[in-house]
2 protein chains.
Amino acid sequence: MNKPPTFVEGLLQYVEELKDESEMTEKQRNILRASVKLFAEKGFHASSTSEIAKEAGVAEGTIFRHYKSKKDILLAVVAPVLVKFAAPFILKDVREIFKEQNKKTFAQIVTELYRNRIDLVLANEKHIRILLQEAFFHDEIREALIATVFTGVKEMANKLIEAKVDVGELRPLPTQAVFRAILSSMIGLVLFRQVLDTDEFTQFSDDEQIALTVDILLNGIGNHSI
Amino acid sequence: MNKPPTFVEGLLQYVEELKDESEMTEKQRNILRASVKLFAEKGFHASSTSEIAKEAGVAEGTIFRHYKSKKDILLAVVAPVLVKFAAPFILKDVREIFKEQNKKTFAQIVTELYRNRIDLVLANEKHIRILLQEAFFHDEIREALIATVFTGVKEMANKLIEAKVDVGELRPLPTQAVFRAILSSMIGLVLFRQVLDTDEFTQFSDDEQIALTVDILLNGIGNHSI
DNA sequence: CGTTTTAGCGAGTGATTACTCACTTTTAAT
DNA sequence: ATTAAAAGTGAGTAATCACTCGCTAAAACG
């Protein structure tokens, strides 16, 4: 963190100013909903404000009454996801794991985590699309994403891994490599399910896929009974 | 494959018409180079033809002498990657593995594959950015990508996996889950190296990271010496 | 050499872009 | 009921968009 975290700070500041959805006008909620839809479908740059207005059933001027620029809409869409999504993710779920790490096996913990993450992606599909898509070119968003979500999870996971290595549940491998293995499996799980292998995935249920993934993660694919 | 593969067919047709880079004018090569740069940096929609012309040191009209539309430039950029990248990948590398699959251990094969893939990503970074980015919204490109790269690799890998299971080198797990594990590890390897963990990655060399990944893939992270 | 073809140009095209502003309607407070 | 603020409107704006066209310069061909 050598740079001044202008964007992250700005985001948090922006989030504080964020109105609750309940205290928005209906038109304003429509604008956001339409923006999410269009941004997710065609991307930020390919969506025009006139389209958004049309989709929201609102005059184009109304958009700029609530958001001072088009980029401002993107922030209003991205910011909540980054905090509503990242913070509860890290703080609630992973921290919960931390508290009970002695009572559960590593396999149980990871299984819960994967199940939880799949549900989360399913529930926030459009927002995640936008987030990933914009993280692709906007350094600010990518750095904010890494700084908020990734680094937080990594530190917590690393402590868990090291604790489980001490207990003897995990092999004494470099922590970073173990973390990578856990995260890679999770990404692969979601990626195959959502994008790559949508047909074939139906032959196993989600829970079966998760069980298989955890098995492979812990035991590997190699045959050691030779 | 229930849909008529219009885009894939169109792509292949387009590729045949593709001029060799050597028989292009210098200006035309400049246009392509500038397009790759800008598309990778800011995305297709955010890059204007006037910018491309400026970056290429060319009049805007010259662009449309060679490419009948802006989308045509994208195809001229994407198409070669999809075939130069996908075909040699599948045909040369994986097929080579196939021929010698009895002479090598699974670990050796996967190690070579990961090494090869990292080098490939390094050499084609910008093109891959564009490809992934456009695959995000353009169903056509995503389907073409899956149909060309993914399906081909999957079928070949599956045969390899099944052969190695028969020999007793791999555990008799569902093939699809094993394939997913192999691919997930590869994606994780590249993702961490290029995006997520650029700092920490330097503490191990690429080859060390690959070795760790293959070890975990085959043996898992669980401790079985208890 | 003369002629045809291709490459390159840049001003100009209508359409569309994000955004403004003068104005009306709705809401809320006194 | 009066008034002030906030929400909503839609025509209008300059800028930019992808793209065209009439033109010149340079190869390519016979």
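Numbers restart at 1 for each chain; the letters A, B, ... are given by sequence-line order, proteins then strands.
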- Message: According to ring pair (Phe, Tyr, Trp, His ring centres under 6.0 Å), who are the partners of B/F44, at least two apart in sequence or on a separate chain?
- Response: B/F39
- Query: B/Q28 CD to C/dC9 P: how many Å, rounded?
  - Reply: 13 Å
- Message: So, using side chain to side chain contact (heavy atoms under 4.5 Å, CB included) as the criterion, who are the partners of B/T62 when residues are at least two apart?
- Response: B/I31, B/V58, B/A59, B/H66
- Non-neighbouring partners of A/K154 that pass salt bridge (charged side-chain N to carboxylate O under 4.0 Å, His left out), sequence neighbours left out: B/D197, B/E200
- Query: To the nearest angstrom, how far is A/M24 atom CE from D/dA6 atom C1'?
  - Reply: 16 Å
Name each donor-acceptor pair under 3.5 Å that joins a side chain in residues 181-195 of chain B to protein atoms two or more places apart or in another chain, with its distance.
from: B/S184; atom 1: OG; to: B/R180; atom 2: O; distance (Å): 2.7
from: B/S185; atom 1: OG; to: B/A181; atom 2: O; distance (Å): 3.0
from: B/R193; atom 1: NH1; to: B/D206; atom 2: OD1; distance (Å): 2.6
from: B/R193; atom 1: NH1; to: B/D206; atom 2: OD2; distance (Å): 2.3

- Item | Rounded distance in Å - OH (B/Y67) to P (C/dT6) | 17 Å
- Note on the structure: The bend of the helix from C/dC1-D/dG30 to C/dT30-D/dA1, taken between the axes of its five terminal pairs at each end and rounded to 10°, is 20°
- Message: Please enumerate all residues that pass side chain to side chain contact (heavy atoms under 4.5 Å, CB included) together with A/E208, with sequence neighbours excluded.
- Response: A/F204, A/S205
- Task: For A/E41, enumerate each residue passing the side chain to side chain contact (heavy atoms under 4.5 Å, CB included) test, keeping only those at least two apart in sequence or located in another chain.
- Result: A/K37, A/L38
- Atom-to-atom span, CD of B/E26 to C1' of D/dA25 - whole angstrom: 17 Å
- Between D/dG10, C/dG8, C/dC9, which one does the side chain of A/A59 approach most closely? D/dG10
- Atom NZ of A/K54 to atom P of D/dT9: distance rounded to whole Å? 16 Å
- Of all residues at least two apart in sequence or in a different chain, which pass the side chain to side chain contact (heavy atoms under 4.5 Å, CB included) check with B/A46? A/H45, B/K42
- Task: Starting from C1' on D/dC17, measure out to CD1 on B/I52 and report it in whole angstrom.
- Result: 12 Å
- Taking the side chain of B/H66 as heavy atoms from C-beta outward, which of D/dT9, C/dG8, C/dC9 is closest to it? C/dG8
- In short, salt bridge (Lys or Arg N to Asp or Glu O under 4.0 Å) pairs touching residues 119-133 of chain A with sequence neighbours left out are A/R115-A/D119
Can you name the atoms? Protein N/O to nucleotides 18-22 of chain C N/O, anything below 3.5 Å, with the distance.
from: C/dA18; atom 1: OP1; to: A/S47; atom 2: O; distance (Å): 3.4
from: C/dA18; atom 1: OP1; to: A/K70; atom 2: NZ; distance (Å): 3.0
from: C/dA18; atom 1: OP2; to: A/T49; atom 2: N; distance (Å): 2.8
from: C/dA18; atom 1: OP2; to: A/T49; atom 2: OG1; distance (Å): 2.9
from: C/dC19; atom 1: OP2; to: A/K70; atom 2: N; distance (Å): 2.6
from: C/dC19; atom 1: N4; to: A/E60; atom 2: OE2; distance (Å): 3.4

- Query: Closest heavy-atom contact between B/Y114 and B/I210?
  - Reply: CB-CG2, 4.0 Å
- For B/R29 and C/dG8, what is the distance between atoms CZ and C1' respectively, to the nearest whole Å? 16 Å
- Would you kindly give the NZ-to-P distance between A/K27 and C/dT27, to the nearest whole Å? 11 Å
Taking only nitrogen or oxygen atoms into account, show me every contact under 3.5 Å that the protein makes with nucleotides 26-29 of chain D, one pair per line with its distance.
none

- Mind listing the closest non-hydrogen atom pair of A/I141 and A/L131 along with its distance? CG2-O, 4.4 Å
- Task: Could you pull out all residues at least two apart from A/R65 that satisfy salt bridge (charged side-chain N to carboxylate O under 4.0 Å, His left out)?
- Result: none
